[in-house]
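What follows is a single structure, written as structure tokens, with notes after it.
Numbering of ligands and ligand atoms starts at 1, following listing order. Basis for what follows: all heavy atoms, side chains included, without hydrogens, waters or symmetry-related copies.
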Amino acid sequence: MGNYDVTIIGAGLAGLQCARLLARKGVRVLLVDRKSTLDQKIHTTGIFVRRTLLDFDIPDDCLGPPIKHVTLYSPALRSMEFVSEHDEFRVGRMGQLYQRYLQQCLIAGVQWLPETSYLGHVSAGGKLAVRLSSGDVTTRYLIGADGARSRVARDLKLDLNEEWIVGVESVYEGAVIDGPPRLLCFLDPELAPGYIAWIAHDGEETHVGVGGYSARFDPPAALEAFRSRVSHIIDLSNAKQIERRAGYIPVGGVLRNIANTNGLLLGDAAGAVSPLTAGGLDPCMRLSAFAAQVVGEYLSSGNPQALSVYSGELFRARFASRLWARRVASTFGQRHLVEFGCAVLRFPVLCKIARHVFFGRGSFPDPDSYKSADTVYSERSAINGSTRVARRAGM
Ligand SMILES: Cc1cc2nc3c(=O)[nH]c(=O)nc-3n(C[C@H](O)[C@H](O)[C@H](O)COP(=O)(O)OP(=O)(O)OC[C@H]3O[C@@H](n4cnc5c(N)ncnc54)[C@H](O)[C@@H]3O)c2cc1C
């Protein structure tokens, strides 16, 4: 039976980011995933926003060419163009990126267990015995990075995602679209109820997908219908489909109770996805980096107070407007209302808001709160006390 400081279940972006950062601090980390290789069964489009690209070390060769243009289509396919002066998005080559981060984990000393499922855990003598399909291990702390429908969250008695949409997409090489690389977003309450249909075209790869509330549509049929509806916009006649991707996206906002003295949650398991745009990659990077700080501190001090700053309540306040926008998006089910909404977006004030949704830089609590957590931690180490931490974090 192996013995670890931290066992992380799930080697998606969240688990990989946290594993490599913890291992670089000298923490003994076990990383577990039921997949045999990480470049299989990818479920994300992989669009990284500018803020993530600026703040994190995503290797350039794991990213497609930059995108500055967004076209928004109404249900009647009336279009509106948005162009940024910056390179706003890059589509990750996710299989390659996961493998690269895994390599970095291994170099930092992470133990890697592929093709292994998490089955449960029990507390025993101040540690946890974790039951895996390949046998049991002992760990001081358990991290659930096991996605939107996290089993670890349930076993740790932490909060669970309750609201999600589903997305399905095809990835092509050789698709032809006029104009520069761009994102095309389609508002259509029948093909994508409560979300959007999309084409992400960076000149090398093209992702064509639909997303929405599963009770209100049939995703594969909607994708098929969407493809024929946009056949005059994208020519797929000589394109090769290289992948099909699909998955759940939690959109209820970051969960409140995401940590206790046995473990914590990251990424989709923590509900850390923008309720409005459904972007989860930036939150994966940011929340996992923060978790690595908090867990490192907790393991070295043994003081449960170190975990108090890792609370969804602290992040949730920043999501208020996006949660409100999600409520609106989920109730707008009629084509003519959405068409009307798109028409009024041409008014300058609303156009500015739309630009902000596409090009704004605030998908997850911004670097200020993140930095203040950093500051809290360095001050905390200096004074080696916990009361001040809680006070500064507003607890
Ligand atoms: C179709 C689609 C498109 C998307 N596009 C974008 C986008 O363009 N940009 C963006 O920012 N966000 C996007 N998102 C959201 C984003 O992909 C997710 O928020 C992000 O990938 C979540 O990463 P994660 O590491 O938390 O979870 P995951 O990537 O889901 O990783 C969880 C891992 O846990 C493993 N696992 C689960 N259960 C067990 C178990 N019991 N035992 C062992 N292993 C287990 C799984 O195999 C998996 O590898 C999209 C989501 C979907 C579904």
- Query: Among protein heavy atoms, which lies nearest atom 47 (O) of ligand 1, and at what distance?
  - Reply: Asp33 OD1, 2.7 Å
- Ligand-side contact atoms (ligand 1) for residue partner Gly267, heavy atom cut-off under 4.0 Å: 26 (O)
- Query: Can a salt bridge be assigned to the pair Arg100 and Asp57 using a cut-off of 4.0 Å between side-chain N and carboxylate O?
  - Reply: no
- Task: With atom 23 (O) of ligand 1 as the reference point, say which of Ala246, Cys284, Ala200 has the nearest heavy atom.
- Result: Cys284
- Exactly one candidate in Asp268, Leu281, Asp282 meets side chain to side chain contact (heavy atoms under 4.5 Å, CB included) with Val273; the answer is Asp268
- Item | Pair Glu224 + Arg227, salt bridge at N-O below 4.0 Å | yes
- Item | Sub-4.0 Å heavy-atom approach of Thr116 to ligand 1 | yes
- Note on the structure: Closest to atom 50 (C) of ligand 1 among protein heavy atoms sits Thr44 OG1, 3.6 Å
- Say whether Arg151 and ligand 1 are in contact under the criterion: heavy-atom distance to a ligand atom below 4.0 Å. no
- Exceeds 12 heavy-atom contacts within 6.0 angstrom, atom CD of Glu162: no
- Item | Atoms of ligand 1, numbered as shown, that sit under 4.0 Å from any heavy atom of Gly46 | 7 (C), 8 (O)
- Contact atoms of ligand 1, heavy-atom distance to Lys35 under 4.0 Å: 47 (O), 49 (O)
- Can you tell me how far CG of Leu156 sits from CG of Leu265, rounded to the nearest 0.5 angstrom? 6.5 Å
- Task: Taking all heavy atoms of Gly64 and all of Asp202, pick out the closest pair and write down the distance.
- Result: CA-OD2, 3.6 Å
- Query: Going by distance only, is there an N or O of Tyr118 that falls short of 3.5 Å from an N or O of ligand 1?
  - Reply: yes
- Closest to atom 9 (N) of ligand 1 among Ile47, Leu266, Leu16, Leu132 (heavy-atom distance): Ile47
- Message: Rounded at 0.5 Å granularity, tell me how far OH in Tyr101 sits from CG in Leu38.
- Response: 13.5 Å
- Query: Going by the angle between their ring planes, with limits at 30° and 60°, are Phe186 and Tyr73 parallel, tilted or perpendicular?
  - Reply: parallel
- Message: With nothing but distance in play, are any N or O atoms of Leu281 less than 3.5 Å from an N or O of ligand 1?
- Response: yes
- Message: With no hydrogens and no angle check, just 3.5 Å: does a side-chain donor-acceptor pair link Asn161 and Tyr248?
- Response: no
- Message: Nearest 0.5 angstrom please: Asp188 CG to Phe226 CZ, how far?
- Response: 8.5 Å
- Any link between Ile8 and Val152 through a network of hydrophobic side chains (Ile, Leu, Val, Met, Phe, Trp, Tyr) touching at under 4.5 Å? yes
- Please report which non-hydrogen protein atom sits nearest to atom 31 (O) of ligand 1, along with the residue it belongs to and the distance in Å to one decimal place. Gly12 CA, 3.6 Å
- the protein heavy atom lying closest to atom 34 (O) of ligand 1 turns out to be Gly10 CA, 3.2 Å
- Item | Protein heavy-atom partner closest to atom 18 (C) of ligand 1 - residue, atom, separation in Å | Asp268 OD1, 3.4 Å
- Decide whether the shortest distance between a heavy atom of His43 and an atom of ligand 1 is less than 4.0 Å. yes
- Message: Polar contacts were defined as any N/O atom of the residue lying under 3.5 Å from an N/O atom of the ligand; does this apply to Tyr248 and ligand 1?
- Response: no
- Message: Is it the case that ligand 1 has an N or O less than 3.5 angstrom from some N or O of Gly279?
- Response: no
- Which protein non-hydrogen atom lies closest to atom 37 (C) of ligand 1, naming both residue and atom, and how far is it? Asp146 O, 3.4 Å
- Backbone or side-chain N or O of Ile249 under 3.5 Å from ligand 1 N or O: no
- Query: Salt bridge between Arg93 and Glu204, side-chain N to carboxylate O under 4.0 Å?
  - Reply: yes
- Message: Leu97 vs Leu13, test: side-chain contact (heavy atoms from CB on, under 4.5 Å). Steps then yes/no.
- Response: CA-CA 9 Å; Leu97 179 61; Leu13 196 66; 4.1 Å; yes
- Can Arg50 and Ser84 be said to form a side-chain hydrogen bond (donor to acceptor under 3.5 Å, both in side chains), step by step? CA-CA 11 Å; Arg50 180 158 61 101; Ser84 171; 5.6 Å; no
- Item | Contact check: Ala14 vs ligand 1, nitrogen or oxygen atoms, below 3.5 angstrom | yes
- Which bit of Ala145 gets closer than 4.0 Å to ligand 1, counting heavy atoms only: side chain, backbone, both or neither? backbone
- Message: Test your reading of the structure: does Ile9 have an N or O sitting under 3.5 Å from an N or O of ligand 1?
- Response: no
- Would you mind running through ligand 1 and noting each atom that sits below 4.0 Å from a heavy atom of Gly247? 53 (C)
- Query: Which residue supplies the protein heavy atom nearest to atom 27 (O) of ligand 1, what is that atom called, and how far is it?
  - Reply: Gly147 CA, 3.9 Å
- Query: Of Gly280, Pro219, Gly15, which has the heavy atom at the shortest distance from atom 10 (C) of ligand 1?
  - Reply: Gly280
- Item | ligand 1 to Ser117 polar contact by distance, N or O atoms, under 3.5 Å | no
- Message: Please check: side-chain N/O of Arg245 versus main-chain N/O of Thr44, any donor-acceptor pairing under 3.5 Å?
- Response: yes
- Message: Taking the basic N atoms (NZ, or NE/NH1/NH2) and the acidic carboxylate oxygens, is any pair closer than 4.0 Å for Arg34 and Asp146?
- Response: no
- Any nitrogen or oxygen of Trp198, main chain or side chain, under 3.5 Å from a nitrogen or oxygen of ligand 1? no
- Taking the side chain as every heavy atom from C-beta outward, state whether Asp60 and Arg90 have any pair of such atoms under 4.5 Å apart. yes
- Does an N or O from Asp282, backbone or side chain, lie closer than 3.5 Å to an N or O of ligand 1? no
- Note on the structure: If you scan protein heavy atoms around atom 36 (N) of ligand 1, the nearest is Arg34 NE, 3.9 Å
- Task: Would you mind telling me if ligand 1 is within reach of the side chain of Ala278, the backbone, both or neither, using heavy atoms under 4.0 Å?
- Result: backbone
